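Worksheet: the structure to be examined is printed underneath.
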Amino acid sequence: MLEQLLIFTRGGLILWTCKELGNALKGSPIDTLIRSCLLEERSGDVSFNHEAYTLKWTFHNDLGLVFVAVYQRILHLLYVDDLLSMVKQSFSEIYDPKRMAYDDFDETFRQLRKEAEARAEELRKTKQVGKPVTSVKKQGQVLKAGLEGGNKRIGEAASKKDDGDGNKAKVSNLTNGHSKENQQLENDSQETDLANGKENTSSNVAVDLSKLQKLRSKGVRGRGVRKADSIGNKSSKLAAAEPAKKATKKNRVWDDAAPKQSRLDFTDSVDENGNNDHVDVVAADQGESMMDKEEVFSSDSESDDDEEPGSDEKPAEAKKKGWFSSVFQSITGKANLEKTDLGPALKALKERLMTKNVAEEIAEKLCESVEASLEGKKLSSFTRISSTVQAAMEDALVRILTPRRSIDILRDVNAAKEQRRPYVVVFVGVNGVGKSTNLAKVAYWLQQHKVSVMMAACDTFRAGAVEQLRTHARRLQIPIYEKGYAKDPAAVAKEAIKVATDNGSDVVLVDTAGRMQDNEPLMRALSNLINGNQPDLVLFVGEALVGNDAVDQLSKFNQKLSDLSTSGNPRLIDGILLTKFDTIDDKVGAALSMVYISGSPVMFVGCGQSYTDLKKLNVKAIVKTLLK
Amino acid sequence: MENLEDLKILAEQWSHQGIEYLQKIPPSQLYAAIGVLLFTTILLFLSIRLVRRTKSNTVLLSGLSGSGKTVLFYQLRDGSSHQGTVTSMEPNEGTFVFHTENTKKGKIKPVHLVDVPGHSRLRPKLEEFLPQAAAIVFVVDALEFLPNCRAASEYLYDILTNANVVKNKIPVLLCCNKTDKLTAHTKEFIRKQMEKEIEKLRASRSTVSTADIANDFTIGIEGQVFSFSHCYNKVTVAEASGLTGETAQIQDFIREYIKP
Ligand SMILES: Nc1nc2c(ncn2[C@@H]2O[C@H](COP(=O)(O)OP(=O)(O)OP(=O)(O)O)[C@@H](O)[C@H]2O)c(=O)[nH]1
Ligand SMILES: [Mg+2]
């Protein structure tokens with residue numbers, strides 16, 4: 001059962017909720033979704049789990065609307081994506097920014113939900129029968145939706161076509177007679193495309209099908225057109241089931257024919273459109289789902305143009321059109337942005353981020369999130385797609401790098417002082433990143449603020465570690481607590497904290513042994529140290545030089561700290577200290593990767609060899625460098 | 001370096017030519033031209049001033065996430081919070097006369113109200129609006145005040161030390177929201193607690209090194225316990241309830257700075 005469906009503005013005003021469902025949601029899953037997913041640049045994800053609920057969402061970026069469906073996590077509701085995209089379409093037709101109540105939408109929703117449920121039910125029944133049949137079902141539905149949708153959006157559909165896809169335009173030329181249905185169909189199938197993009201689609205469908213899906217983006221729709229013709233001729237108000245059945249037979253034939261051809265054309269088509277990412281998502285299969293229907297549908301309706309001879313000329317043609325229409329668009333500022341328009345700009349941006357040493361995985365996720373926030377938006381006048389994408393990315397980067405919580409350590413130190421206990425910081429990280437050196441820098445900084453500091457040498461593993469820390473302590477004239485090498489680091493830390501409490505030190509800085517994130521015994525020791533002593537701050541020390549490994553290090557550290565903890569509420573990394581920042585020039589990507597993956601802020605940046613070489617992260621400067 | 005020398009010579013030549021040219025023009029014409037030039041620049045400056053002044057009917061609603069800004073925004077605009085709200089992802093903006101003023105006769109100057117999301121990741125958005133702000137309403141949740149006191153104070157501290165706020169002396173209303181509930185804290189209690197918190201922040205935000213958090217300005221008087229009356233701008237306190245539409249004090253505050 002669906003628990004709730006909400007429609008709200010990006011500004012946060014709820015426009016419509018399903019009163020029929022009415023169940024009060026436990027906790028506030030919607031707010032949690034917004035705070036820990038959508039605002040964390042993870043809106044490109046497929047779904048979000050919160051306690052017993054699963055949430056799915058879709059955006060209408062041009063109108064600034066968000067549609068969220070909530071259902072029990074244990075129920076794998078198959079029709080949710082389908083329902084969301086239909087609700088989005090229907091609601092966007094009646095939406096008026098001046099209007100705040102949409103009681104009349106209740107009835108529409110009831111209808112849409114019934115339809116979606118029926119389709120899901122039918123899918124379940126026909127699952128064993130075979131794929132062609134299921135595909136047809138979907139087809140009927142989409143067609144119907146298209147026909148019912150009316151003629152309003154023809155202009156829109158037409159303008160979408162101009163977006164650099166020469167093939168589409170060609171198709172519409174071929175079929176002047178039935179351009180209405182044709183365009184509407186395209187429009188609709190595009191929308192299903194969007195819905196699909198988010199979905200991890202089913203595995204049972206043959207590989208051909210998932211490959212076929214890639215072709216959809218090429219947007220040549222010979223078959224779809226033909227189908228539209230035949231159905232459109234009959235009547236524009238056909239019931240859903242009727243055309244579906246009729247189309248079945250034809251469909252089978254097409255299905256057989258299509259895969260082969262599409263395979264041949266496959267390699268170039270993907271590259272031209274820069275749609276690789278989309279493809280990857282599809283390939284990551286996750287069990288049977290509603291979506292295979294749509295996949296099949298789109299494949300047979302759109303993949304056919306490859307039959308046309310002379311497909312080699314297409315790229316050039318498309319490019320020309322693309323250039324012209326982009327100039328035109330930049331003047332009129334009319335067209336809605338589509339995935340295919342955003343593709344090249346996002347790809348370029350992703351590469352730029354990666355040259356700045358941002359981990360590939362992170363760059364990818366960010367681009368998905370930016371795409372999700374731009375898709376369907378109208379380009380404003382005199383702007384280019386690339387600059388729109390860049391501005392959206394800039395906003396996203398600022399959001400990520402802006403700390404989620406206070407990074408005012410001195411305020412925390414004072415608070416601990418009021419409670420007459422020392423403030424404990426544990427420095428963790430892999431080998432050789434500069435933990436001890438930067439611990440000394442932090443100690444120096446605290447001294448400058450008239451805070452009394454004590455060091456605890458808990459690296460009882462690496463030879464020479466204690467001596468190294470002792471040298472720093474002597475130079476800074478800071479007391480150090482050490483117990484040689486043989487001892488258990490957790491015990492040393494405990495004793496150190498006790499001594500600090502007794503002699504009234506304000507802060508204890510705990511040095512730990514560097515360890516690889518995969519070293520199970522050492523990670524267990526660290527988990528013991530942290531959970532046994534409950535420090536105020538677990539500071540991850542990481543090199544600014546690190547690239548893709550940043551993600552692995554931080555996620556594994558957090559993972560291990562959580563897995564190996566014996567307490568119910570494990571402590572994770574609270575903040576990041578980025579070292580060797582002076583050696584990286586403009587390759588500042590590690591800062592972004594680490595913050596994104598851990599959700600923790602960069603508290604300090606180490607930028608040199610002397611004690612004074614410690615800075616706060618300058619978010620604006622980092623963002624500027626990343627996008628340069 | 002050589003390039004620079006070349007440029008210098010070129011510039012000298014041009015200035016010579018210019019002077020010669022000027023000497024050819026009769027002085028009366030020259031004075032007239034200078035007069036016209038002066039007049040237009042003065043006019044330009046005046047008009048820019050004027051535009052600025054008319055522009056500054058912007059009032060910002062700020063405060064932590066969940067303090068009730070969006071509810072207040074719609075209460076002020078429509079007199080209703082409609083079907084409720086969720087966490088804002090983007091600012092709400094509108095230029096309107098308050099809902100309660102709709103019945104009044106005569107032309108009333110509309111207010112440009114901006115509800116800036118309180119989620120900490122969206123904080124940088126506030127800075128975009130501060131240069132044009134005529135007043136700021138800082139909303140505090142009076143129900144869940146104590147757990148949020150530190151975070152709210154920190155946010156308010158950042159606003160009070162912002163260069164725009166200090167230089168333009170933007171007035172701030174500390175608005176204690178959700179007073180419809182009996183368990184809500186009083187505005188006096190909230191003011192005192194926040195003053196105490198800011199006093200602590202003053203200590204931790206003293207900048208001695210690059211590793212410190214950088215604020216544009218410091219606030220308060222050296223050697224004295226902090227009080228809002230020490231601020232460069234005016235800080236006042238009020239109570240409101242977005243849920244029941246109790247917004248009279250907010251409206252009074254705004255209308256003090258944006259005359260109807
Ligand atoms: N009791 C009571 N609850 C209120 C009042 N005003 C708002 N709320 C509740 O507080 C919650 C948050 O209100 P919002 O207006 O969305 O909060 P916000 O300040 O806009 O939060 P962000 O958009 O995240 O910055 C909602 O659930 C409201 O119902 C009030 O006056 N009294
Ligand atoms: Mg809000």
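Throughout, protein chains are lettered first and strands after them, A, B, ... in sequence-line order, and every chain is numbered starting at 1. Please read these numbers as outputs of a predicted model, since none were measured by experiment.
Within the 4.5 angstrom heavy-atom criterion, only side-chain atoms of I30(A), from C-beta onward, approach chain B. If you measure heavy-atom distances from Q83(B) to chain A, the contacts under 4.5 Å come from both the backbone and the side chain. For V605(A), no part sits under 4.5 Å from any heavy atom of chain B, backbone or side chain. Using a 4.5 Å cut-off between heavy atoms, L38(A) touches chain B through its side chain atoms alone. Of the atoms belonging to T612(A), it is backbone heavy atoms, and not side-chain ones, that fall under 4.5 Å from chain B. Of the atoms belonging to S80(B), not a single heavy atom falls under 4.5 Å from chain A. For chain B, the nearby part of E418(A) is the side chain; its heavy atoms alone come within less than 4.5 Å. In this structure, the portion of L15(A) lying under 4.5 Å from any heavy atom of chain B is its backbone and not its side chain. Residue contact with chain A, scored on non-hydrogen atoms closer than 4.5 Å, involves the side chain of P124(B) exclusively.
Contacts with chain B were tallied for C607(A), G64(A), S28(A), P403(A); P403(A) has the most, counting heavy-atom pairs under 4.5 Å. The greatest number of non-hydrogen atom pairs below 4.5 Å with chain B, out of V451(A), V398(A), D408(A), L617(A), is found for D408(A). Note: I400(A) leads I400(A), T9(A), T17(A), V413(A) in heavy-atom pairs under 4.5 Å with chain B. The choice from S88(B), A203(B), A211(B) that makes the most heavy-atom pairs within less than 4.5 Å of chain A is A211(B). Heavy-atom pairs under 4.5 Å with chain B peak, among I34(A), L6(A), I14(A), at I14(A). For chain B, the option among K620(A), K616(A), R411(A) with the highest count of heavy-atom pairs below 4.5 Å is R411(A).
Shortest non-hydrogen contact noted between M89(B) and L39(A) is CG-CD2, 3.9 Å. Shortest non-hydrogen contact noted between T210(B) and L614(A) is OG1-O, 2.6 Å. Taking all atoms of both residues into account, the shortest heavy-atom contact from E154(B) to S406(A) is OE2-OG, 2.7 Å. Residues N92(B) and G11(A) come closest through the heavy atom pair ND2-O, 2.9 Å. Considering all non-hydrogen atoms of both residues, S81(B) and L13(A) come closest at O-CD1, 4.1 Å.
Here the OG-NE2 distance, from S36(A) to H119(B), works out to 7.5 Å after rounding to the nearest 0.5 Å. Here D395(A) contributes atom CG and K125(B) contributes atom NZ; the two are 4.0 Å apart, rounded to the nearest 0.5 Å.
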* To do: Let me see the working for R121(B) and R35(A) under side-chain contact (heavy atoms from CB on, under 4.5 Å), right down to the final yes or no.
  => CA-CA 9 Å; R121(B) 297 256 196 228; R35(A) 286 176 194 175; over 6 Å; no
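By the 4.5 Å heavy-atom criterion applied to side chains, W445(A) and D212(B) are counted as neighbours. By the 4.5 Å heavy-atom criterion applied to side chains, N414(A) and K200(B) are not counted as neighbours.
The neighbour count for R99(A) CZ, taken as heavy atoms of other residues, nucleotides or ligands under 6.0 Å away, is above 12. Annotation: Q193(B), atom CD; neighbour count of heavy atoms from other residues, nucleotides and ligands within 6.0 Å is above 12.
Applying the salt bridge (charged side-chain N to carboxylate O under 4.0 Å, His left out) rule to pairs touching residues 143-153 of chain B yields D412(A)-R150(B), sequence neighbours excluded.
No side-chain N or O of T402(A) forms a donor-acceptor pair with one of R123(B) less than 3.5 Å apart.
Below 4.5 Å, heavy atoms of chain A meet heavy atoms from T70(B), Y74(B), R77(B), D78(B), all part of residues 70-79 of chain B.
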